[in-house]
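Just so it is clear, the model here is predicted, and its values are computed rather than measured. Scope of the values below: all heavy atoms of this structure, side chains included, with no hydrogens, waters or symmetry mates.
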Amino acid sequence: MKIFDTMQRRKVELETIEPGKVRMYVCGPTVYNLIHIGNARPMIVFDAFRRYLEYKGYDVNYVSNFTDVDDKIIKAANEEGVDPAVISERYIAECKKDMSDMNVKPATTHPQATKEIDGMIEMIKTLIDKGFAYVAKDGTVYFDVSKDREYGKLSGKDLDEMMSGLRDLKVTGEEQKEDPNDFVLWKPKKEGEPSWPSPWCDGRPGWHIECSVMSKKYLGETIDIHAGGEDLIFPHHENEIAQSESASGKKFSRYWMHNGFLNINGLKMSKSLGNFFTVRDITAQYDPMVLRLFILSAQYRQPLNFSREVMEQAKASYERILNCTDKLKTLKETAKGSEMTEEEKKNTELVKGFIQSFEEAMEDDNNTANASTAVYEIVRIANATTDENSTKAYVDYVYDVIRTLCDGVLGVISERKTEDLDAEVEALIAERTAARKEKNWAKADEIRDRLGAMGIILEDTKEGVKWKKA
């Protein structure tokens, strides 16, 4: 299995610390509002990667954090006149709901920064004791970038370039830095902000120290894979490496995986540009599985452009999958025969060829785009080669393959919800009735055929059109 390692800037063979086990950390969101579709991309693409690892038999310890103390959270809390914990807990719950809707598996552990303060203080103490950090007059603690000779190895930046990557938000004691590139490990409290006692001052941690501490606690000092959006390469992941490796003297992560940006109509998604959509905005209009399928439609490292057109394409692709499993479920109820025919055995060889294509795509740096294409081909074969004469053995086989690859690995639920089926059937019947009134017999027949493919039988009665499952 090959993945593109940001550190080495090339595809490499995945070799884990322990055979058959993967320790993986994925940076989670800062919980001050509903998550947007940019947040959803790493959640979905690395969930699919995790699912494939598990499909191949790996035991995956998957950790993804919630940053629940941050300037944005404090600002939102002050605007509402509530404690910051009210904001963070509210949006952790909302985030988990969105993740569940998108069929993102819960992490093995979802640590929260505010519950790991003691570990952060201990790591900062270690960095000070080893000479990698210093305390300013007001109690702000900084990491001394000049002491880390390898600083910049992930991003490829040199120290002169790094000023451009510093965060816009300045903190108390900023002017006390010994070098402009030094970054905050601990900062003094301000009025109206949450704070914790420390040997240096009452205050709160800097952003970067959180993930280093949570990764160490739940995965160990050296992990297999650290992942997140490409916007985190610098400064966040660069600083994680610096403080983690300086504290432990060990390699922090063997591999680094970063997903590309999600653009809106060709422009990077941004609140300031007004081209910003939450997951809720999109799932109010589309099934969450359509959003998931859209995000998986591109290889994760490539930029992904969001538009209504591509969402409609994803919707049509998802509908083809649902129609296929509708048909197969109906056939499963009536099909007989535990032994496939010779023709069906030949068809299984075609399916197996696309299973191989699926696995090759996933093992080529989590290429969900090509893997999805393989699933569509299996759906095409299933539609073309199954009917009321198919054996149960063959119907069960193609049905199980689709469920395994689509639901199990890609995480795209391939069975229509009952209530969704009812609503869709009723809408199609209404459309067919209108076509018949207009004497558009071709369209009416087309809709009847479509319903038949879904396993729906129509009956024209005095009370109107009735329907039932075959």
| Should Phe306 and Phe294 be marked as a side chain to side chain contact (heavy atoms under 4.5 Å, CB included) after you check the CA-CA gap, both sets of side-chain angles, and the distance that decides it? | CA-CA 8 Å; Phe306 176 91; Phe294 155 69; 3.7 Å; yes

| task | Show your reasoning for whether side chain to side chain contact (heavy atoms under 4.5 Å, CB included) applies to Ile378 and Val398. | result | CA-CA 8 Å; Ile378 294 170; Val398 290; 5.6 Å; no

| message | Apply salt bridge (charged side-chain N to carboxylate O under 4.0 Å, His left out) to residues Arg90 and Glu80 and explain how you reach the verdict. | response | CA-CA 13 Å; Arg90 176 196 304 164; Glu80 288 193 26; 2.9 Å; yes

| query | After noting the C-alpha distance and the side-chain angles of Phe358 and Val409, does the key distance pass the side chain to side chain contact (heavy atoms under 4.5 Å, CB included) rule? | reply | CA-CA 10 Å; Phe358 179 95; Val409 180; 3.7 Å; yes

| query | Checking side-chain hydrogen bond (donor to acceptor under 3.5 Å, both in side chains) for the pair Asp182/Tyr134: CA distance, chi angles, key distance, verdict? | reply | CA-CA 10 Å; Asp182 294 346; Tyr134 58 92; 2.6 Å; yes

| query | Ile241 and His226: side chain to side chain contact (heavy atoms under 4.5 Å, CB included), yes or no, with the steps? | reply | CA-CA 10 Å; Ile241 294 169; His226 199 310; over 6 Å; no

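Between the side chain of Asp47 and the backbone N or O of Lys105, at least one donor-acceptor pair lies under 3.5 Å. Between the side chain of Asn366 and the main chain of Val45, a donor-acceptor pair closer than 3.5 Å is present. Side-chain atoms of Gln299 do not come within 3.5 Å of backbone N or O of Thr368 as any donor-acceptor pair. In terms of modelled atom types and a separation under 3.5 Å, the side chain of Arg292 and the main chain of Gly411 share a donor-acceptor contact. Side-chain atoms of Arg149 do not come within 3.5 Å of backbone N or O of Lys147 as any donor-acceptor pair. Not a single donor-acceptor pair under 3.5 Å links the side chain of Asp224 to the backbone N or O of Thr16. A donor-acceptor pair under 3.5 Å is absent between the side-chain atoms of Tyr300 and the main chain of Ile44, judged by distance alone. Within the 3.5 Å criterion, the main-chain N or O of Phe261 finds a donor-acceptor partner in the side chain of Arg41. A donor-acceptor pair is defined here as one N or O able to donate and one able to accept, closer than 3.5 Å; no such pair exists between the side chain of Tyr255 and the backbone of Ala227. When atom types are taken as modelled, the side chain of Asn65 and the backbone of Gly28 share a donor-acceptor pair closer than 3.5 angstrom.
With contacts defined as side-chain heavy-atom distances shorter than 4.5 Å, the pair Val69/Trp196 qualifies. You'll find the side chain of Met1 reaches within 4.5 Å of the side chain of Leu53, heavy atoms only. In this structure, the side chains of Lys75 and Tyr32 stay at 4.5 Å or more apart for every pair of heavy atoms. Taking 4.5 Å as the limit, some side-chain heavy atom of Cys324 sits within range of a side-chain heavy atom of Ile402. Residues Arg254 and Arg23 form no side-chain contact, since every pair of their non-hydrogen atoms from C-beta on lies 4.5 Å or further apart. The closest side-chain heavy-atom distance from Asn305 to Val310 is not below 4.5 Å. With a 4.5 Å cut-off on side-chain heavy atoms, Ser215 and Val63 do not count as touching. Residues Ser297 and Ser372 have side chains not in contact (no heavy-atom distance under 4.5 Å, counting atoms from C-beta outward).
Of the inter-residue distances, the one linking Ile223 atom CD1 with Tyr25 atom OH reads 8.5 Å to the nearest 0.5 angstrom. For the atom pair Ser198 OG and Met120 CE, the distance stands at 12.5 Å (nearest 0.5 Å). The CE atom of Met257 sits 5.0 Å away from atom CD1 of Ile3, with the distance rounded to the nearest 0.5 Å. Once rounded to the nearest 0.5 Å, the distance linking CG of Asp407 with CG of Asp400 reads 11.0 Å. Rounding to the nearest 0.5 angstrom, the gap separating the CH2 atom in Trp186 from the CE atom in Met123 is 14.0 Å. Considering CG of Asn103 and CZ of Arg51, their distance stands at 4.5 Å, rounded to 0.5 Å.
The number of heavy atoms from other shown groups lying within 6.0 Å of NZ (Lys21) does not exceed 12. The neighbour count for Lys332 NZ, taken as heavy atoms of other residues, nucleotides or ligands under 6.0 Å away, is above 12.
Note: Tyr52 and Tyr55 meet the aromatic proximity criterion, with ring centroids under 6.0 Å apart. Taking the six-membered ring where the residue is Trp, the centroids of Tyr62 and Phe46 are separated by 6.0 Å or more.
Heavy-atom minimum distance, Ala136 versus Gln176: CB-OE1, 3.5 Å. Heavy-atom minimum distance, Ala107 versus His110: N-NE2, 3.1 Å. The nearest pair of heavy atoms linking Ala40 to Met102 is CB-SD, 3.8 Å. In terms of heavy atoms, Leu322 sits closest to Arg416 at CB-NH2, 3.5 Å. What you find for Asp101 and Met289 is that their closest heavy atoms are O-CE, 3.4 Å. Residue Val279 comes nearest to His36 through the heavy atom pair CG2-O, 3.8 Å, listed as atom of the first residue, atom of the second, then distance.
Screening Asn181, Ile124, Asp148, Val184 for a side chain to side chain contact (heavy atoms under 4.5 Å, CB included) with Phe143, the sole residue that qualifies is Asp148. Results of the side chain to side chain donor-acceptor pair (under 3.5 Å) test with His258 over Glu230, His237, Arg301 single out His237 as the only residue that passes.
Residues Tyr91 and Asp68 bring no donor and acceptor atom of their side chains to less than 3.5 Å of each other. Counted by atom type alone, Glu116 and Gln112 present zero donor-acceptor pairs between their side chains at under 3.5 Å. No side-chain donor-acceptor contact under 3.5 Å links Ser195 and Asp202. Asp129 and Thr126 share no donor-acceptor pair across their side chains, judged by distance under 3.5 Å alone. Between Arg403 and Ser414, the side chains place a donor N or O and an acceptor N or O closer than 3.5 Å (distance only, hydrogens not considered).
Between Asp364 and Lys11 there is a salt bridge, since a side-chain N of the basic residue sits under 4.0 Å from a carboxylate O of the acidic one. Salt-bridge annotation for Glu238 and Lys157: absent, with no side-chain N of the basic residue lying under 4.0 Å from a carboxylate O of the acidic one. Of the charged side-chain nitrogens involved, at least one lies within less than 4.0 Å of a carboxylate oxygen, so that Glu349 and Lys352 count as a salt-bridged pair. At a threshold of 4.0 Å, the pair Arg50-Glu54 counts as salt-bridged, since one of the basic side-chain nitrogens sits closer than that to a carboxylate oxygen. Here Glu245 pairs with Lys153 in a salt bridge; the nearest charged N to carboxylate O distance falls below 4.0 Å. Contact check on Asp144 versus Lys130 returns no salt bridge, with no Lys/Arg side-chain nitrogen under 4.0 Å from an Asp/Glu carboxylate oxygen. Between Glu122 and Lys216 there is no salt bridge, since none of the side-chain N atoms of the basic residue sits less than 4.0 Å from a carboxylate O of the acidic one.
Evaluation of the side-chain hydrogen bond (donor to acceptor under 3.5 Å, both in side chains) rule for Tyr318 yields no partner, not counting sequence neighbours.
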